[in-house]
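Single-structure report; data block below.
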Amino acid sequence: MRKLSRLRRRKITAPVLLFLALIIVGNAYAFIGATVTTPGATASNARSTMVDEGREIFLRGCSSCHGLNAEGGGIAPALIGVGAASVDFQVGTGRMPLADMSQQAMRKTPIYNEEETAALAAYVATLAPGPAIPGAAQLTFERDGNTAEGGELFRTNCAMCHNAAGQGGALTQGKYAPTLMGVEAKYFYEAMITGPQSMPVFGDKAITPEEKLSIIKWIKAVESEKGLGGASLGKVGPVTEGLVSWVLGIGLLIGIAVWLTTKSR
Amino acid sequence: MRAARERVAGSVANFVDERTGAAKFLKKSLNKVFPDHWSFMLGEIALYSFIILLLSGTFLTFWFVPSQEELIYNGSYVPLKGVKMSAAYASTLDISFDVRGGMLMRQIHHWAALLFLAAMVAHMMRVFFTGAFRKPREMNWIFGVALITLGIVEGFLGYSLPDDLLSGTGIRIAQAILQAIPLVGTYAAFFAFGGEFPGLDFIPRIYTVHVLLLPGIMLGLITVHLMLVWYQKHTQYPGPGRTEKNVVGYPLLPVYMAKAGGFLFIVFGVTAFLGAVASINPIWVFGPYTPTQISAGSQPDWYMGWLDGLVRMSPPLESHIFNHTISWNILIPGLIVPGIMFTGLALWPFIESWATGDKREHNLLDRPRNAPSRTAVGAMAITFTIVALINGGNDIIATHFSLTINQIMWATRISIFVLPPLAYVITKRICLALQRADRDLVLHGRETGRLVMLPHGEFVEIHEELSPEEAWTRTSHEQLAPIPAAGIDANGVRAKGVLKDRIRARISKGILQEQIAKPTAKDKLEIGDGHH
Amino acid sequence: MSNKELEPLQDPGLPAHAHRKADHDEAAANRAERQVAILFLLSALGTVLFIYSYIFIENNLYIYIPILGNQHAQQLFLGLGFAIALFFIGAGAVHWAKTLMSDTEVIAERHEMRSSDEDRAAFIATVKEEAGAVGLGRRSLIKRSLALSLGLVGISPLLLLRDLGPLPEDALNKTTWDEGVHLVTDPGNRRLRPEDLEVGAVAHVLPEIEHPEHRSLNSIAKDALLLIRIRPEEFRLDAEKLSWTYQGIIAFSKICSHMGCAVALYEQTTKHLLCPCHQSTFDVPTGAKVIFGPSARPLPQLAIKVDEEGYLVAAAPFNQAVGPSFWERKK
């Protein structure tokens with residue numbers, strides 16, 4: 001706790017924490033559907049209860065690998081300074097806690113609910129400053145994003161792992177870049193700023209926040225794109241096309257050739 | 001009415017014949033006989049796909065702009081609006097989204113290309129496994145190999161034209177192969193691309209090659225290919241009444257004409273169906289080409305996929321000699337291995353007739369089991385290609401079957417050496433087993449499953465004897481004996497060329513010695529009337 | 001040994017022709033005729049569908065089809081109409097041929113391909129006579145000079161291809177990078193400071209030029225760079241290469257040393273770079289050494305530093321050619 005209090009005394013900590021809490025609380029309320037203007041005092045109260053709750057959850061569910069003080073262990077990285085965004089991404093998409101010790105944490109149904117995830121994130125954010133969870137005010141990709149520009153950024157920065165259509169792809173030794181279809185917008189943002197697992201970090205100078213929104217808008221456009229030329233065949237390129245040409249094309253035509261050359265009775 | 005129609009027909013025929021003397025030729029041609037078998041239609045699928053390619057390709061040329069000049073896209077596909085791209089890519093987008101039926105024609109063209117190559121390969125396998133390439137048809141086999149080779153190049157150039165991210169990556173790799181050729185490679189690449197990669201010249205140049213040069217050469221080769229089939233008459237499968245000296249089938253008019261013509265429409269219909277329901281080469285997904293971008297899972301079309309698989313599995317070899325670089329990791333899988341494969345393929349008829357000593361004409365086909373070594377060699381080549389092809393799609397296979405690219409890479413690196421010989425041995429065993437089964441069938445008849453008890457209490461199963469037609473089909477082939485080795489002459493002096501003869505005798509023994517003797521009349525007599 | 005003696009059976013000859021139903025049953029024949037007609041009419045319906053789709057279906061109409069999902073209606077029905085129109089003409093013709101046209105198999109005799117002996121003898125005689133008349137055998141001067149000129153005339157069309165492109169000269173060894181050239185983001189063309197990249201971050205960069213909107217693909221194909229930041233103590237580099245890095249930031253050519261694809265798959269955890277084309281894997285801390293796959297050389301590393309304003313710049317040009325190997329490439 002001393003470490004924590006030392007942190008609190010830093011100049012930057014207070015505004016960061018306040019901001020974080022605002023976002024977390026804002027998100028939680030926005031989810032329920034109520035628009036709430038949170039007074040500062042309430043936020044600060046909410047923060048401290050949330051942080052305590054988050055610490056509880058952390059000690060129960062995470063500390064066995066990440067260490068009692070999130071200092072990391074032999075199999076798990078330290079969580080000091082990873083920020084709330086990282087927690088929200090890993091826990092919110094169900095990647096953490098890990099199901100097994102495989103090469104890569106997979107997306108699955110989250111174990112913790114919204115509030116628990118928010119509490120965990122709030123707790124980890126108190127350990128050291130790190131990227132915050134992007135709020136609704138930040139994720140204005142519908143309004144501020146540019147689809148075409150997003151496409152260019154995506155193809156330069158993302159397509160080599162996630163495939164030009166965001167379908168995912170293979171990395172070394174069984175690791176893989178997951179598909180981007182059916183993923184919530186905020187998780188894209190969080191992934192870019194925190195660099196989960198194999199993914200590198202894309203800082204705000206390498207890809208500006210506006211550019212990040214453009215990328216998200218482009219992904220969403222691709223996701224909602226309707227069939228323009230028929231079944232998409234997985235959008236994974238010529239492999240499935242070759243398979244179809246042999247199995248369906250040549251297969252069908254040979255079937256017809258057999259009909260054509262049998263004597264009728 | 002009828003009389004009038006006949007009169008018109010007669011006078012047209014008269015007009016033509018008086019000026020060309022065609023009646024004599026046509027009379028003979030209309031009575032031409034074509035044997036009927038489904039496997040004889042594979043070549044037709046290839047021919048019809050080629051016709052579809054010419055028609056749909058001509059349609060595409062009306063809108064396609066073969067230029068690498070850059071422009072800002074302003075068509076109707078929103079996610080690319082305002083993006084800088086080449087005129088070639090933009091015009092392909094226009095064909096897809098702003099020309100009614102353009103998407104359909106593009107997709108028909110690409111599906112027809114995949115079918116064209118698939119049908120050619122299937123046709124070639126049929127010709128190979130049935131021995132249809134033997135004298136007098138060796139030349140036609142070589143034309144066929146040339147057509148497949150040109151078809152692969154033509155297909156590659158075709159999917160390179162839209163200048164999308166995937167095709168640009170393909171061109172980049174082709175340029176690297178060109179550049180890797182020792183001594184002249186750098187110059188060849190600079191001349192082909194009009195300077196450095198990618199330049200502005202390559203697409204206009206390959207456009208001319210794709211729409212004019214190669215189709216022209218292929219059309220000529222196809223014409224000669226078909227004329228030779230016509231002139232030499234089609235081969236036929238063995239069977240009752242079929243000999244080396246005749247051909248049994250349907251006359252050209254009307255049956256064969258109706259079936260072949262109908263099949264053209266059917267192939268076109270199936271291609272159109274694929275073009276309607278299955279998306280192919282969705283270039284708008286890939287985006288325009290620029291050298292800094294790439295997509296995960298970049299592969300070529302299947303007929304190039306095995307080459308890409310070979311390149312992927314190649315060991316990292318490069319030599320530096322006297323300040324020069326030789327890239328074995330590109331040259332071996334990209335040029336040397338395919339070069340050897342295609343040369344061997346083209347020369348196969350001559351290799352086989354040399355090894356078996358069989359220089360006679362053959363118009364009756366082999367059943368693949370009756371030429372076990374040839375069938376086994378074919379299986380070996382197919383296995384090799386499939387292993388390479390699997391590695392060409394290793395990233396897609398890895399993500400879809402929870403494997404790692406490294407595992408697949410190592411598995412195929414080992415398999416490419418181990419599996420083809422294994423395929424040879426297994427196929428040969430299967431062929432011999434089938435020969436044995438044929439022999440048993442002819443000698444003992446077919447098992448009927450009906451049991452009867454003999455007077456002394458023994459149970460026997462009734463065997464039904466094969467019909468004379470079936471028995472003939474299974475026994476009419478001939479079995480060649482190995483070539484005897486030319487020995488050392490009486491004075492103990494090795495005659496010139498003896499070593500060559502020995503090698504040949506050795507190979508011929510390997511090919512021909514192991515055969516299950518087909519039943520002779522004597523065997524049949526000894527068995528009696530066919531129980532057990 | 002002659003095969004004939006061993007033949008167990010004689011060729012029973014072509015089996016007797018089996019008549020079809022339609023050959024002797026008028027009703028069956030009429031039924032077949034109706035079937036053929038129905039197939040042809042189906043084709044006509046396909047053409048109607050095609051014309052309808054072309055003229056009346058709006059370009060922005062999408063329709064939900066099970067399995068296929070939402071589909072562009074015009075493209076789908078144009079295609080289906082076309083497919084039906086073509087397929088059923090073929091199906092009708094084949095059905096017609098199979099059921100109603102004569103299906104009697106006929107036998108045609110083959111003739112040996114080789115010409116008769118007289119023809120061959122006559123041909124050879126003619127060739128000899130013609131050759132004699134032309135005098136090729138005797139007039140060797142003509143023969144040789146003709147061979148020479150025929151051989152030489154092939155050079156002209158080859159020479160004409162010379163202007164297809166410039167000579168390579170030193171082009172492959174040069175890039176835009178030089179001392180002091182700023183690293184700017186791709187796309188965006190913004191300068192970068194070291195602190196813009198945290199540990200684990202990457203940035204795709206190009207050299208700064210005056211008019212980035214006119215940047216040519218030729219230069220991009222050699223200049224593209226990947227910046228990666230790791231913890232400085234993780235480097236396993238010799239002193240020179242280490243001096244080319246800046247505070248843990250290392251710059252590699254993004255153009256694969258194998259066949260020139262963009263190598264940009266960076267795995268933050270393993271610090272490996274993977275090329276998606278042929279899966280060459282490069283190890284970043286050791287200076288992009290090849291640890292898997294077909295590439296034989298590490299990716300070229302660019303020396304970087306910061307200028308007085310704190311922006312990242314190149315410290316020197318590349319010390320080797322970037323991209324795939326070529327014959328003249330120095331080691």
Side-chain angles (χ1 to χ4, degrees), chain B residues 33 100-101 103-104 136 172-173 176 179 182-183 185-186 190-191 194-198 233 240-241 245-248 251 254-255 258-259 261-262 265-266 268-269 272-273 275-276 291-292 294 296 298 311-312 314 316 318 320 323-325 327 329 405 468-469 471-472 475 478 519-521 524, chain C residues 3 6 8-9 11-15 54 68 75-76 78-80 82-83 86-87 89-91 93-94 96-97 101 105-110 113 164-166 168 171 186 204 217-218 220-221 224 254 259-262 264 276-279 290 292 294-296 324-331:
Chain B
V33 168
R100 273 180 287 181
M103 175 81 90
L104 179 66
R172 170 84 247 201
I173 292 168
Q179 198 173 279
L183 208 63
T186 318
F190 267 68
F191 289 166
E196 287 184 83
F197 175 85
K233 298 200 177 79
K245 294 273 171 214
N246 71 8
V247 50
V248 179
V255 183
K259 280 188 175 181
F265 281 92
I266 287 173
F268 210 155
F273 175 73
T292 59
I294 190 136
S298 289
V311 173
R312 284 181 185 190
S314 156
E318 201 170 83
H320 301 274
N323 246 340
H324 287 291
T325 302
S327 305
N329 51 358
I405 49 176
E469 283 83 10
W472 172 252
T475 52
E478 40 169 32
T520 63
K524 189 96 175 129
Chain C
N3 248 322
L6 298 177
L9 294 156
D11 182 356
L14 205 59
Y54 193 90
L68 299 183
Q75 136 75 16
L76 183 66
L78 270 179
L80 287 179
F82 199 39
L86 291 162
F87 184 86
I89 288 183
V94 171
W96 182 11
M101 292 179 190
E105 282 190 306
V106 292
I107 302 179
E109 292 305 311
R110 285 180 197 276
M113 282 302 127
L164 275 174
D186 168 33
H204 300 260
L217 294 187
N218 285 18
I220 294 177
K254 207 168 130 183
M259 287 176 127
C261 293
C277 284
H278 302 108
Q279 283 127 21
V290 184
F292 188 77
S295 183
S325 295
F326 50 97
W327 172 248
E328 294 85 356
R329 190 179 198 282
K330 311 271 185 287
K331 187 163 183 177

Heavy-atom cut-off 4.5 Å, strictly under: side chain, backbone, both or neither for B:Pro254 against chain C? both
Side chain, backbone, both or neither: which part of B:His324 has a heavy atom under 4.5 Å from chain C? both
With respect to chain B, which residue among [options] yields the maximal number of heavy-atom pairs within a distance under 4.5 Å?
options: C:Phe87, C:Tyr54, C:Trp96; answer: C:Tyr54
options: C:Ala224, C:Pro324, C:Ala97, C:Ala264; answer: C:Pro324
options: C:Leu78, C:Ile107, C:Leu217; answer: C:Leu217
options: C:Leu164, C:Asp186, C:Ile220, C:Leu76; answer: C:Leu164
options: C:Ile89, C:Val290, C:Leu68; answer: C:Ile89

Region of C:Ser325 that comes under 4.5 Å of a non-hydrogen atom in chain B: both
Could you tell me which portion of C:Lys254 (side chain, backbone, both or neither) has an atom closer than 4.5 angstrom to a non-hydrogen atom of chain B? side chain
Quick one: closest heavy-atom pair of [X] and [Y], and the distance?
X: C:Val106; Y: B:Pro251; result: CG2-CD, 4.0 Å
X: B:Thr186; Y: C:Trp327; result: OG1-N, 4.0 Å
X: C:Ala262; Y: B:Ile294; result: O-CG2, 3.4 Å
X: C:Ala296; Y: B:Pro316; result: CB-O, 3.8 Å
X: C:Ala108; Y: B:Val33; result: CB-CG2, 3.7 Å
X: C:Glu328; Y: B:Leu183; result: OE2-O, 4.1 Å

Name the option with the most non-hydrogen atom pairs under 4.5 Å to chain C; the candidates are [options].
options: B:Pro182, B:Gly195, B:Ser327; answer: B:Pro182
options: B:Phe273, B:Phe268, B:Phe265; answer: B:Phe265
options: B:Gly185, B:Pro198, B:Gly261; answer: B:Pro198

Just by distance, do the side chain of [X] and the backbone of [Y] share a donor-acceptor pair under 3.5 Å?
X: B:Asn323; Y: C:Lys330; result: no
X: C:Gln75; Y: B:Gly275; result: yes
X: B:Asn329; Y: C:Pro294; result: yes

Can you confirm whether C:Met259 sits close enough to B:Val311 that some side-chain heavy atom of one is under 4.5 Å from a side-chain heavy atom of the other? yes
What I'd like to find out is whether the side chain of B:Ser298 reaches to under 4.5 Å of the side chain of C:Pro276, using heavy atoms alone. no
From C:Asn218 CG over to B:Phe197 CZ, what is the distance, rounded to the nearest 0.5 angstrom? 9.0 Å
